[in-house]
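For reference, the structure discussed in these notes is given below.
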Amino acid sequence: MADLHVKIGDLTLKNPIIPASGVFGYGREYEKYYPLSLLGGIATKGTTGAKRTGNISPRIAETPCGMLNSVGLQNPGIDAFIANELPHLLSCDTVILANIAGATAEECAEVAKKLDSTDVHMIELNISCPNVKQGGAAFGTSCTAAAQVTKAVREATKKPLCVKLSPNVTSITEIAKAVVDAGADAVSLINTLLGMRIDLRTRRPVLHNNMGGLSGAAVFPVAVRMVWQVANAVSVPVIGMGGVMNGEDAAELMMAGASAVEVGTAIVQDPFAPLRIIDGLNQWLDDNGVANAADLTGTVKPW
Amino acid sequence: MIHDQYTEKLSFPVRSMTKLTETIWSMVIECPSVAEQAVPGQFVHLLPEGDFTLRRPISICEIDRQEGALRLVFEVRGKGTAVLAALKPGDTVNMLAPLGHGFTLLSRESRVILVGGGIGTPPMLPLAKHYGENAVMISGFRSEQQVILQADFAETGTETILCTDDGSAGVKGLVTVPLAAAISTKKPDLICACGPMPMLRGVAALAKQNGIPCEVSLEERMGCGIGACLVCACQTVDRNGDTQFLHVCKNGPVFNAEEVVW
Ligand SMILES: Cc1cc2nc3c(=O)[nH]c(=O)nc-3n(C[C@H](O)[C@H](O)[C@H](O)COP(=O)(O)OP(=O)(O)OC[C@H]3O[C@@H](n4cnc5c(N)ncnc54)[C@H](O)[C@@H]3O)c2cc1C
Ligand SMILES: Cc1cc2nc3c(=O)[nH]c(=O)nc-3n(C[C@H](O)[C@H](O)[C@H](O)COP(=O)(O)O)c2cc1C
Ligand code: FES
């Protein structure tokens with residue numbers, strides 16, 4: 001068995017696999033299936049300053065090798081998260097990445113400030129949600145706005161800060177550089193790609209929000225490309241995600257430059273996906289004589 | 001593998017497949033552990049083989065603890081249900097179950113009216129079994145070709161009333177007509193219903209007018225099926241009149257009709 005430990009800056013994870021924000025709630029539903037301590041970490045559901053009810057259903061549509069969602073950041077708000085969910089998560093013996101979002105830089109900073117006095121391990125600042133009208137993707141698509149919100153959050157907390165990037169941009173490396181210059185300790189990517197489906201019979205978009213975020217196997221090649229580009233452009237650790245369905249996908253994303261890997265849609269399909277992916281990655285490492293998972297990061301040999 | 005001890009087996013053998021109408025199939029799945037836990041109103045989440053990212057939610061139509069099996073009755077609507085309908089006895093099916101929150105089960109002596117519309121009739125069968133002759137089952141279909149499960153309901157001892165939109169079988173008209181009559185003669189303790197939204201709306205309105213508790217099974221497009229991804233939201237009101245989104249897969253599929261924003 002390979003040594004699966006990896007590092008993101010000063011944080012050590014027991015393995016590189018982290019359920020992605022939005023598919024794993026605050027962990028409770030999955031605890032019925034297996035101990036959360038088996039996971040490398042958990043990225044919690046995107047949490048905002050005040051409670052948000054989210055968008056009207058339907059919020060999900062199936063697509064070739066993937067899916068669209070338009071949840072719209074439904075969450076109970078940061079105070080409820082800190083009071084009701086975080087203490088339990090922190091007792092689960094795994095690394096907790098608190099995913100946060102907000103309509104303004106001030107809201108993001110305020111949320112981060114509240115987390116600063118908790119024992120959460122890392123803040124994952126989502127500047128890339130395609131499903132909310134204000135903030136969200138708007139931060140993630142301009143270097144100036146991305147840097148501004150990162151700076152505001154950086155000033156509000158000493159916690160390790162990871163900024164989650166949007167793929168819906170012309171140059172993801174420019175945004176990555178901007179948030180690193182503004183103080184990000186790590187970057188994670190990719191969030192969902194903006195997409196749409198129409199029901200031919202009713203001529204209505206399948207999603208009530210009309211548009212939504214594309215995820216799942218279909219986006220994997222885009223994720224590999226963007227992780228590779230960003231890993232080459234910045235010197236901070238990269239957490240990769242987007243369409244990882246099995247252990248070999250995780251190995252590929254690490255080769256492209258990821259230090260750890262988040263898994264979203266695969267868990268929507270199969271609650272045991274994170275365990276299968278950890279096992280699959282371990283198998284691949286053993287089969288290929290790699291003793292340490294951490295040694296895989298960035299080992300692609302580009303032409 | 002390191003995690004074998006934690007990874008539940010999600011593949012179960014198909015014991016039988018029966019065609020009920022041109023588009024509706026009955027499938028019996030061998031799954032003793034699931035049958036042991038399942039209760040009326042819960043559903044299973046099936047992943048068809050092929051290029052499918054999402055599972056398909058299907059209500060449980062029969063729970064046979066002795067045989068260690070569940071029966072599902074489903075209509076072919078699109079690609080996923082077509083793949084499921086092509087399964088043969090001995091094939092395996094990928095199933096996460098049992099899921100969701102079911103119907104309230106009162107004592108067997110309670111008087112209960114069950115209402116099913118179209119492909120919403122199957123989940124009422126376990127309730128008919130529970131209440132037997134103390135229940136009335138009112139089913140509604142478009143026409144004779146879509147009628148299903150009438151013999152199964154009769155076998156439970158439940159009084160059955162059949163309606164079709166065009167009068168080609170049973171009485172012509174909507175289920176709400178015999179429902180109104182049954183409410184006044186039976187004075188039921190509870191009404192349970194599953195079917196299309198307009199039907200449920202009518203049933204819930206009648207129940208409310210007559211002050212009878214009513215539970216309805218709702219549908220919404222689903223992802224995880226266990227309450228984590230938050231895609232299956234339905235709008236509800238709580239006791240204080242505040243609206244909120246609850247989740248069909250976890251808080252439902254069965255809801256108190258008073259909670260639902262119609
Ligand atoms: C709690 C619950 C219980 C159900 N019980 C039954 C049952 O007992 N028998 C039965 O025949 N049908 C039942 N349905 C409806 C059934 O889930 C859909 O008909 C089925 O998912 C359609 O899949 P498809 O691939 O054939 O259609 P497609 O249109 O190709 O499906 C595309 C996507 O939309 C989803 N979808 C499409 N229609 C529905 C729908 N009505 N409800 C939810 N998701 C939908 C699919 O799951 C899939 O993700 C139930 C639905 C829910 C939510
Ligand atoms: C249902 C759903 C909800 C999501 N919610 C969030 C969220 O709240 N915050 C966030 O940063 N990303 C959210 N995401 C994006 C995922 O974390 C991930 O970036 C994306 O789905 C790509 O990975 P995947 O292909 O493995 O799913 C969500 C994705 C899905 C499918
Ligand atoms: S389907 Fe995921 S929360 Fe209901």
Side-chain angles (χ1 to χ4, degrees), chain A residues 1 4 15 19 22-30 32-35 38 45 51-75 206-207 212 215-218 245 264-272 274-280 282-283, chain B residues 1-11 37 45-57 77-81 94-100 197 218-237 242-252 261:
Chain A
M1 181 174 159
L4 295 179
N15 66 63
V23 303
F24 211 70
Y26 298 124
R28 295 196 188 270
E29 290 76 20
Y30 289 90
K32 293 181 198 130
Y33 293 96
Y34 46 84
L38 301 175
K45 174 67 197 172
K51 172 184 163 162
R52 288 183 61 104
T53 52
N55 294 324
I56 293 172
S57 290
R59 296 176 172 184
I60 189 167
E62 195 173 53
T63 65
C65 292
M67 58 171 274
L68 292 171
N69 90 83
S70 57
V71 172
L73 285 181
Q74 179 181 354
N75 78 90
V206 177
L207 301 175
S215 63
M245 304 304 281
T265 303
I267 304 180
V268 174
Q269 182 181 77
D270 173 4
F272 297 102
L275 305 188
R276 276 196 298 99
I277 293 172
I278 296 167
D279 285 353
N282 179 58
Q283 184 73 49
Chain B
M1 290 271 127
I2 331 167
H3 293 120
D4 278 352
Q5 66 179 116
Y6 298 105
T7 315
E8 256 171 57
K9 203 176 69 75
L10 298 181
S11 80
Q37 301 164 47
H45 218 15
L46 301 177
L47 182 64
E49 207 152 318
D51 173 20
F52 295 101
T53 298
L54 303 177
R55 291 174 181 273
R56 269 55 178 171
R77 285 284 176 84
K79 289 196 186 121
T81 44
N94 186 320
M95 175 171 81
L96 190 62
L99 301 178
M197 243 354 212
L218 301 184
E219 278 191 1
E220 198 43 79
R221 287 178 181 245
M222 288 186 183
C224 69
I226 64 173
C229 74
L230 309 184
V231 301
C232 63
C234 80
Q235 214 172 6
T236 57
V237 271
D242 293 332
T243 60
Q244 59 174 337
F245 280 120
L246 290 182
H247 294 279
V248 171
C249 71
K250 185 179 178 180
N251 310 106
V261 175

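Source: prediction; values computed, not measured. So that the names make sense, note that chain A is the first sequence line, chain B the second, and so on, each numbered from 1.
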Do you know which of B:L230, B:L47, B:T7, B:L10 has the most heavy-atom pairs with chain A at a distance under 4.5 angstrom?
B:L230

Within the distance-only criterion (no hydrogens, no angle test), does the side chain of A:R59 pair as donor or acceptor with the backbone N or O of B:C232 below 3.5 angstrom?
no

Can you tell me how far the NE2 atom of B:H3 sits from the CG atom of A:D279, to the nearest 0.5 Å?
5.5 Å

Side chain, backbone, both or neither of A:Y26 within contact of chain B (heavy atoms, under 4.5 Å):
neither

Sorted by chain and number, sequence neighbours left out, side chain to side chain donor-acceptor pair (under 3.5 Å) with A:N15 holds for none

Which atoms of A:P271 are under 4.5 Å from chain B, going by heavy atoms: the side chain, the backbone, both sets, or neither?
side chain

What are the residues of residues 243-250 of chain B, in order of number, with any heavy atom under 4.5 angstrom from a heavy atom of chain A?
B:F245, B:H247, B:K250

Heavy-atom side-chain proximity of A:C65 to B:D51 below 4.5 angstrom
yes

At a heavy-atom distance under 4.5 Å, which candidate from A:G280, A:P64, A:G66 has the highest pair count against chain B?
A:G66

Return the minimal non-hydrogen interatomic distance between B:Y6 and A:F272, and the atom names on each side.
O-CE2, 3.3 Å

Side chain, backbone, both or neither of B:I226 within contact of chain A (heavy atoms, under 4.5 Å)
both

Pick from A:G22, A:A218, A:A61 with the largest number of heavy-atom pairs that fall under 4.5 Å of chain B
A:G22

Side chain, backbone, both or neither: which part of A:T53 has a heavy atom under 4.5 Å from chain B?
both

Under the salt bridge (charged side-chain N to carboxylate O under 4.0 Å, His left out) test, residues paired with A:D270 that sit two or more places apart:
A:R276

A:I60 CD1 to B:E220 CD distance, which is reported to the nearest 0.5 Å:
10.5 Å

With B:R56 via side chain to side chain donor-acceptor pair (under 3.5 Å) - residues at least two apart
A:E62

Distance from B:L99 atom CG to A:E29 atom CD, nearest 0.5 Å?
12.0 Å

Report yes if the side chains of B:T53 and A:T63 come closer than 4.5 Å at any heavy-atom pair, otherwise no.
no

Let me know if A:A217 has heavy atoms under 4.5 Å from chain B in its side chain, its backbone, both or neither.
neither

Using non-hydrogen atoms and a 4.5 Å limit, figure out which bit of B:R221 sits close to chain A: side chain, backbone, both or neither.
both

Tell me, for B:L96 versus chain A, whether the close heavy atoms (under 4.5 Å) come from the side chain, the backbone, both or neither.
side chain

Which heavy atom of B:A233 sits nearest a heavy atom of A:S57, and at what distance?
O-OG, 2.5 Å

Proximal component of A:M1, with respect to chain B [non-hydrogen, under 4.5 Å]:
side chain

